[in-house]
J.: 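Before I ask anything, let me first share the structure, which is written out below as structure tokens.
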2 protein chains.
Amino acid sequence: MTPKGRPRAFDCDDVLRRAMRIFWEKGYEGTSMTDLTTAMGIGAPSLYAAFGNKAELFAAALKVYETQIGTAIWESLEKAATARQAFADFLKETALSYAQPDQPRGCMIALEGLFGDADAIPAREALRERRLDNVRLLRERLERGVADGDVARGIDCRKVADFYATVQHGMSITARDGASPDALLNTADAAMAAWETLTSPR
Amino acid sequence: MTPKGRPRAFDCDDVLRRAMRIFWEKGYEGTSMTDLTTAMGIGAPSLYAAFGNKAELFAAALKVYETQIGTAIWESLEKAATARQAFADFLKETALSYAQPDQPRGCMIALEGLFGDADAIPAREALRERRLDNVRLLRERLERGVADGDVARGIDCRKVADFYATVQHGMSITARDGASPDALLNTADAAMAAWETLTSPR
DNA sequence: CGGTTTATGTATCGATCGATATAGAAAGGA
DNA sequence: TCCTTTCTATATCGATCGATACATAAACCG
């Protein structure tokens, strides 16, 4: 059934992807409504009618980022047979994704919402929780490795997960500074050099 | 000799430290001139007369940050006798500094100027160069280790330096999310677990 | 066809942004 | 004491911020 009234002149998903891209590139505070309406190709009233306000638009753009950009990295974590391979793939996917030439460098979730209070960036808490969720995913994958028997019992899963999450965070900053895919892959490889020591029984 | 005219009613270094603290906490874009004049305890005309404009004030605050906050970390890199000890101390100092309870979490240089173009944040290029300088310092310390004989010849100094710089970058983000000093020290320790493999001859 | 509903385009809202004009206050030098 | 110089306090500048009022356009329904 077609809705009543005049139909929208734009594709909602399409313009939301454009908004996501702008937020990703310029940050929440660095993005003005003029930037958004220009990039999205719609007028301000259409934007507000469709997405509420700037904060809600950002929240919607964040969800799009998660489902369209972030998933590839985290899927690799589940696919591999062993925890070691999973972490290696995870870092490799991160390196390739963060230095992709046709998109902003680094991760929108990692880089955004690091300054000011919740008042300045409404999604600050949501972003922080996403980052903490990611650490948890790494830890759970490690614990699965322990359960599967490919990781020794008694290792400090939290410490190892914190370490690899921090490496991934850092890769966002390094990527923003222009690091090549090879450079990031080297860093991923270097991080995996710690694996044996970190996962050997204490 | 005392200068002519009415003397300043504030201490220039003191108010600059306050400005540095605000920029560190809220970021360049997230800091308004009202935030600054309030925190510095001076009127807007006094601020502009003493420091020029917002961008110049930020540049001055950045220098204060480098000399007053950043030095401790980088001094530790030179003090230690071996490259390994230098990197371990460097990461340990980073962990302690980034989670200090009486100051903003993480590093002002690492976190600032990651979004938008040079137009949005005038110091963006300067910040990027500082970050790249830091990677260079790490690489040079490694090369010194090779020259001193405590690091094997033929290792990829750039790769190792990139890795540890990326870990440090990541610690700024992890610290902003509220990581405890112990958690960051654990990550520093985990990063050092890669040292043997990274510095063994190929 | 009018009537209803929803979206669009223009023009603009009050608030805040960074930055200043202006007048008066506080010092030294004559 | 008066003049010059420099700084301070108030009040405000034009520009831009996020967000809307309003009139018109485009769909469906009868």
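For the numbers below, each heavy atom of this structure counts, side chains included, while hydrogens, waters and symmetry mates do not. All chains are named by letter (A, B, ...) in the order of the sequence lines, taking the proteins before the strands, and each is independently numbered beginning at 1.
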J.: CG of Asp11(A) versus P of dT8(C): gap in Å, rounded?
T.: 12 Å
J.: How many whole angstroms separate atom CD1 of Ile42(B) from atom P of dA25(C)?
T.: 21 Å
J.: Nearest to the side chain of Phe10(A), which nucleotide is it out of dT8(D), dC17(D), dT8(C)?
T.: dT8(C)
J.: Whether the side chain of Arg8(A) and the base of dA7(C) hold a donor-acceptor pair under 3.5 Å is what I'd like checked.
T.: no
J.: Whole angstroms only, please: what is the CD1-C1' distance between Ile121(A) and dG18(D)?
T.: 15 Å
J.: Grab the NZ-C1' distance between Lys26(B) and dC17(C) for me, whole Å please.
T.: 14 Å
J.: Measure from CG on Leu47(A) to C1' on dC17(D) and round the result to the nearest Å.
T.: 14 Å
J.: Closest-nucleotide mapping onto DNA chain C: is Thr34(B) or Gly5(B) further toward the 5' terminus? I mean the 5' end.
T.: Thr34(B)
J.: Across the strands shown, which category fits Thr37(A) at heavy-atom distances under 4.0 angstrom: base, sugar-phosphate, nothing?
T.: nothing
J.: Salt bridge or not for Arg124(B) and Glu112(B), using N-O below 4.0 Å?
T.: no
J.: Starting from the 5' end of DNA chain C, give me the residue, Ala44(A) or Ala49(A), whose nearest nucleotide shows up first.
T.: Ala49(A)
J.: For Asp35(A) and Gly52(A), find the nucleotide of DNA chain D closest to each by heavy atoms; which residue's nucleotide sits nearer the 5' end?
T.: Asp35(A)
J.: Whether Asp35(B) and Lys26(B) form a salt bridge (side-chain N of Lys/Arg under 4.0 Å from carboxylate O of Asp/Glu) is what I want to check.
T.: yes
J.: For Tyr48(B) and dC17(C), what is the distance between atoms OH and P respectively, to the nearest whole Å?
T.: 11 Å
J.: Taking the side chain of Pro7(A) as heavy atoms from C-beta outward, which of dG18(D), dA27(D), dA26(C) is closest to it?
T.: dA27(D)
J.: Nearest 0.5 Å, what's the OH-CD distance between Tyr48(B) and Glu56(B)?
T.: 10.5 Å
J.: Before accepting this row, confirm whether a basic side-chain N of the pair Asp14(A)/Arg18(A) lies closer than 4.0 Å to the acidic partner's carboxylate O.
T.: yes
J.: Rounded to the Å, how far apart are Asn53(A) CG and dA15(C) C1'?
T.: 16 Å
J.: Using a 4.0 Å heavy-atom cut-off across all strands, classify Ala50(A) as base, sugar-phosphate, or nothing.
T.: nothing
J.: Counting side-chain heavy atoms from C-beta on, which of dA26(D), dG18(C), dT8(D) comes nearest to Ser46(B)?
T.: dT8(D)
J.: Measure CZ/Phe51(A) against P/dA19(D) and give the value in whole Å, please.
T.: 14 Å
J.: Quick check for you: among dT8(C), dT5(C), dT20(C), whose closest atom lies nearest to any side-chain atom of Lys4(A)?
T.: dT5(C)
J.: Give the nucleotide from the list dA26(C), dT20(D), dA27(D) with an atom nearest to the side chain of Pro45(A).
T.: dT20(D)
J.: Closest approach to the side chain of Ala9(B), judged atom by atom: which nucleotide of dT8(D), dG18(C), dT8(C) is it?
T.: dT8(D)
J.: May I ask you to say whether Glu125(A) pairs ionically with Arg128(A), meaning some side-chain N is under 4.0 Å from a carboxylate O?
T.: yes
J.: Among dG18(C), dT8(C), dT20(D), find the nucleotide with the atom closest to the side chain of Ser32(B).
T.: dG18(C)
J.: Not counting sequence neighbours, which residues clear side chain to side chain donor-acceptor pair (under 3.5 Å) with Arg105(B)? List them please.
T.: none
J.: In terms of side-chain heavy atoms of Arg6(B), which of dT8(D), dG18(D), dG18(C) is nearest?
T.: dT8(D)
